[in-house]
Amino acid sequence: MQRAQAFAARNLQRAARRNFSSGSSDPAVLQAETLQAKDWSLYTVPVVVGLTVFAAWRHASHHDHGHDEDHPLPAYFNYNLKAFPWSNPQCRFFEPECHKKANAQ
């Protein structure tokens, strides 16, 4: 049991001494790394934002979605193999106005 506790204590001490990604605890080195990250961000963020705006503009201006009123909808958009199982099969389920008109006739 003492051997396991000693092993655990050594591992905790070793983990406490780690500096993770910085590699140093010197404030000057940490400041230099922070400035380098800031420089990378200052150059990278505008490029990414610019490319995103360009892609959105290009998609919006050159992409035809095919929502023209002149062209009829394909037949498979309103495909019914059999009549609907409710009292007014000519109406869709969530069309209360159609059901009211059909019941009034």
- Query: Excluding sequence neighbours, so at least two apart, what forms side chain to side chain donor-acceptor pair (under 3.5 Å) with Asn103?
  - Reply: Asn88
- Task: Rounded to the nearest 0.5 Å, what's the gap from NZ on Lys101 to CD on Gln90? Could you check?
- Result: 11.5 Å
- Message: Looking at Trp40, I'd like to know if its CH2 atom is crowded, meaning that more than 12 non-hydrogen atoms belonging to other residues, nucleotides or ligands lie closer than 6.0 Å.
- Response: no
- Name of the residue among Val49, Val48, Leu42 meeting side chain to side chain contact (heavy atoms under 4.5 Å, CB included) with Val45: Val49
- Item | Salt-bridge present (Lys100, Glu97; N to O < 4.0 Å) | no
- Note on the structure: For Trp86 and Phe93, the nearest pair of non-hydrogen atoms, with its separation, is CZ2-N, 3.4 Å
- Query: Tracing side-chain links under 4.5 Å among I, L, V, M, F, W and Y, which residues wind up in one group with Val47?
  - Reply: Leu51
- Once you round to the nearest 0.5 Å, how far does CG of Leu30 lie from CG of Leu35? 11.0 Å
- Closest approach of Pro46 and Ser41, non-hydrogen atoms and distance? CD-O, 3.9 Å
- Measure the OG-NE2 distance between Ser87 and His99 for me, rounded to the nearest 0.5 Å. 7.0 Å
- Query: Which is it for Lys38 and Thr34 under the side chain to side chain contact (heavy atoms under 4.5 Å, CB included) test, yes or no, and what are the steps along the way?
  - Reply: CA-CA 6 Å; Lys38 184 179 175 183; Thr34 303; 5.7 Å; no
